[in-house]
Amino acid sequence: MRKNIVAGNWKMNKTLQEGIVLAKELNEMLVAEKPNCDVVICTPFIHLASVASIIDASVLGLGAENCADKVSGAYTGEVSAEMVASTGAQYVILGHSERRAYYHETVEILEEKVKLALANNLQPIFCIGEVEAERDANKQNEVVAAQLASVFSLSAEDFSKVILAYEPVWAIGTGKTATPEQAQEIHAYIRSLVADKYGAEVADNTSILYGGSCKPSNAKELFANPDVDGGLIGGAALKASDFKGIIDAFKV
Ligand code: PGA
């Protein structure tokens, strides 16, 4: 059975001290009241080791927001998948639209990153999604299909460790959210692509998260869709009470 997951993407926010305070607060909330879904926080690299040492891995997973597309060596400023794993992190966000747009990460670069993440036992949270002009031109299906090429070269066994996140770029940080119908429609399409490639069972077991201005007030109706298995949360992951409000969308 596929998992419901709420993952936070802190982006380039929070000093180390602020990050520790937020992680502790969230951890305490989740220990006191066990969540009905998997919960993950993805933090800047420099927070990982400290956060790993203070959270309870049975209620809160930890991930990075990126990793290098090279194994090791003379790549000044880069952080490898092996280094991320050595902090105790279990996940890594790859292919976020901000990485694609501002750091020119291509399908090929992302394919390397995904492979290195998996080789180091990190679960990729692989992001796909169209920009506004592509949605306006009704090209969202072909855009996400092309982006999936980075993960569709994997074996079925490796692909089954990948979490997908559909994040329409026009909804990220804009306050504009995909409607539950728009989310369901494209999530079902993404799942059908996975089924065509890897078969119905793998597709059925793939978690597909929605991301883009998800907040406590809209999470429940988004996650209620049969093909929406949780969320990747930016802004609302920076305050423990907001993030908890989204996690609580899975409360029965
Ligand atoms: P947002 O970001 O929730 O602030 O829109 C989501 C993301 O970029 O992962």
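Atoms within a ligand are numbered from 1 in the order they appear, just like the ligands themselves. Worth knowing before you read on, the calculation uses all heavy atoms, side chains too, and leaves out hydrogens, waters and symmetry mates.
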Verify the distance criterion only: is there a donor paired with an acceptor across the side chains of [X] and [Y] at less than 3.5 Å?
{"X": "Q140", "Y": "N138", "answer": "yes"}
{"X": "Q184", "Y": "D227", "answer": "yes"}
{"X": "E134", "Y": "W170", "answer": "no"}
{"X": "T43", "Y": "E65", "answer": "no"}
{"X": "N121", "Y": "K161", "answer": "no"}

Under 4.0 Å from a heavy atom of [X]: which atoms of ligand 1 are those, numbered in the order shown and with their elements?
{"X": "L232", "value": "6 (C), 9 (O)"}
{"X": "G173", "value": "1 (P), 4 (O), 5 (O)"}
{"X": "S213", "value": "1 (P), 3 (O), 5 (O)"}
{"X": "E167", "value": "6 (C), 7 (C), 8 (O), 9 (O)"}
{"X": "K11", "value": "2 (O), 7 (C), 8 (O)"}
{"X": "N9", "value": "9 (O)"}
{"X": "A171", "value": "5 (O)"}
{"X": "G235", "value": "1 (P), 3 (O), 4 (O)"}

(request) Report the nearest protein non-hydrogen atom to atom 3 (O) of ligand 1: residue, atom name, distance rounded to 0.1 Å. (result) G234 N, 2.8 Å

(request) Can you measure from CG (N66) to SG (C42) and round to the nearest 0.5 angstrom? (result) 11.0 Å

(request) Give, for atom CZ of R100 and atom CD1 of I109, the distance between the pair rounded to the nearest 0.5 Å. (result) 10.5 Å

(request) Measure the distances from the heavy atoms of H96 to every atom of ligand 1 and state whether one is below 4.0 angstrom. (result) yes

(request) Give the contacting part of I172 toward ligand 1: side chain, backbone, both or neither, where contact means a heavy-atom distance below 4.0 Å. (result) both

(request) Please work out which of the three classes, parallel, tilted or perpendicular, describes the rings of Y166 and Y210, given edges at 30° and 60°. (result) tilted

(message) Is there a polar contact, in the sense of an N or O pair closer than 3.5 Å, between G212 and ligand 1?
(response) no

